[in-house]
Amino acid sequence: MSLLVVGLSHRSAPVAMLERAAVTGDDLVKLLHEVHESAHIAEAMIVSTCNRVEIYAAVDKFHGGVSSVSELLARHSGVPLDDLSEYLYVHYEDRAIQHIFSVTCGLESMVVGEGQILGQVRQALRLAQKQGSVGRDVNEVVQRALRVGKRAHTETGIDRAGASLVSVGLDIAAEHLGPLADRRALVVGAGSMSGLAAATLDRAGVAEIVIANRTFDRGVRLAESLQVPARAIDLIDLGDALNEADLVVSCIGAAGLVITADMLIARTAASPVFILDLALPHDVDRAVRDLPGVRLAGLDDLRTDQQAAQAVGADAVDAVRRIVTEEVAAFLGAARAAAVAPTVVALRSKAADVVEAELARLAGRLPGLGDQVLDDKVRGEIAQTVRRVVDKLLHAPTVRVKELAAAPGGDAYATALRELFDLDPKGPEAVARADIEGTVSPLTEPKVKDQ
């Protein structure tokens, strides 16, 4: 199986297209199952965030896998495949490994270096594990990617230099409203992005934070976690809260608009409000931009390369790129070495069979090897000597072939080994199959802390 990535992100598509392609909730689970059940696809995981929709799949055929994934994305988004294909990118095998490692390190984020992506990839893996759509191949790659992302944030300054989307958005808000301290803030939603927004506003020292959420108890829990005065309201009471807030951050991303122009019609230029819409699909009616005193910033306002360049130091980015290059090489080398292991096992198994057959033949031809002349200890020494000779002859070539297999093109050495020793082609396949069937994939929670 080979890893395939098909997706679109802020780098390849406008926000409007990302909104149409975004999948959440039950739709995400349905798409995950449909991808997993497609021809040529053995495993699948979907990463769907405000910046990207990517499907990671273990496939047996490249073109078949790409076609299946692309068609399903088009069907779920409602975008004709010919139109969607313009924005899709495809990565396969080595490039797919490099891509997911870069993603978890924050190199592919809208704001380079932001750490939220680690938690988002971890959440995607958990969902795929729960739905039974990942096995050893995808799980192994993603687990390694999460460790690489953690290493990048630990060893470099990218997590300190890189700002989150929330931080960038609030910087724009401060340009519009002035200092955020003593401002009244409204956070719409109580998910992970909303929690980050509330925590950032808390640190900024705003006068009050109101949490509006469909699930009132969840809003209460978020409000209780804050240091500044905070309270929760039901989403149906959003209209009154909008008229009292100086700053609104909306992060729900459900189907349909959450904040409409009619809800803000009472605002005037004398009571300005800044609205930061971080949802995908967007929560806020774009018509609010025409209202006096209302300033709206959405994801499309946060996607400039200039902001990313200002947010992250070039040295930190270069350091992370070196880590990614190093980790990709190590991962691929280990994978290639592991791929030759079934051939080595098959060779040693054949050698063991030859030894046992020859010892049996020797026992039949030489009466002195019978029970009347030689005791068990002597017979054991003879057998052990023969086995030791074979092991020593095989040791150097099998160790060396594992070393050579770690380099690009190393699979040719496994092929040569099979040809030289006339191994049954089904032998290594049987060993590999037994290894897969007998291995319990470590589908455990990745030990990666949210940034």
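Taking CG of Leu8 as the reference point, atom OH of Tyr87 lies at 10.0 Å (rounded to 0.5 Å). Of the inter-residue distances, the one linking Arg151 atom CZ with Cys105 atom SG reads 9.0 Å to the nearest 0.5 angstrom. Distance check: His36 NE2 to Ile46 CD1 gives 11.5 Å after rounding to the nearest 0.5 Å. Annotation: the span from Leu32 atom CG to Ser133 atom OG amounts to 3.5 Å, rounded to 0.5 Å. Distance OG/Ser109 to CZ/Arg11: 8.5 Å, rounded to 0.5 Å. Put simply, NE2 on His176 and CD1 on Ile172 are 11.5 Å apart, with the number rounded to the nearest 0.5 Å.
Atom CG of Asp26 has 12 or fewer neighbouring heavy atoms from other residues, nucleotides or ligands inside a 6.0 Å radius. Atom CZ of Arg289 has more than 12 neighbouring heavy atoms from other residues, nucleotides or ligands inside a 6.0 Å radius.
Tested against Val187, the residues Val210, Leu201, Leu247 include a single side chain to side chain contact (heavy atoms under 4.5 Å, CB included) partner, Leu201. Considering Glu54, Gln98, Gln120 in turn, Glu54 is the only one that fulfils the side chain to side chain contact (heavy atoms under 4.5 Å, CB included) rule with Val103.
The backbone N or O of His153 sits nowhere less than 3.5 Å from a side-chain atom of Thr156 that would complete a donor-acceptor pair. Panel note: side chain Ser225, backbone Leu222; a donor-acceptor pair is recorded below 3.5 Å. Between the side chain of Asp234 and the backbone N or O of Phe216 there is no donor-acceptor pair closer than 3.5 Å. For the pair Asp137 (side chain) and Ala58 (backbone), a donor-acceptor distance under 3.5 Å is absent. A donor-acceptor contact shorter than 3.5 Å links the side chain of Glu43 to the backbone of Val138.
Applying the side chain to side chain contact (heavy atoms under 4.5 Å, CB included) rule to Lys30 yields the partners Glu34, His76; only residues at least two apart in sequence or on another chain are considered.
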- Task: Just do the side-chain contact (heavy atoms from CB on, under 4.5 Å) check on Leu18 and Asn51 with the steps written out, would you?
- Result: CA-CA 7 Å; Leu18 286 174; Asn51 293 329; 5.6 Å; no
- Start with the C-alpha distance between Asp202 and Val228, add both sets of side-chain angles, then the distance that settles side-chain contact (heavy atoms from CB on, under 4.5 Å), and finish with yes or no. CA-CA 6 Å; Asp202 193 13; Val228 301; 3.0 Å; yes
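A salt bridge is defined here as a Lys NZ or Arg NE, NH1 or NH2 lying under 4.0 Å from an Asp or Glu carboxylate O, and Arg387 with Glu358 fails to meet this definition.
Within the 4.5 Å cutoff, side-chain heavy atoms of Tyr56 are placed close to those of Ile100.
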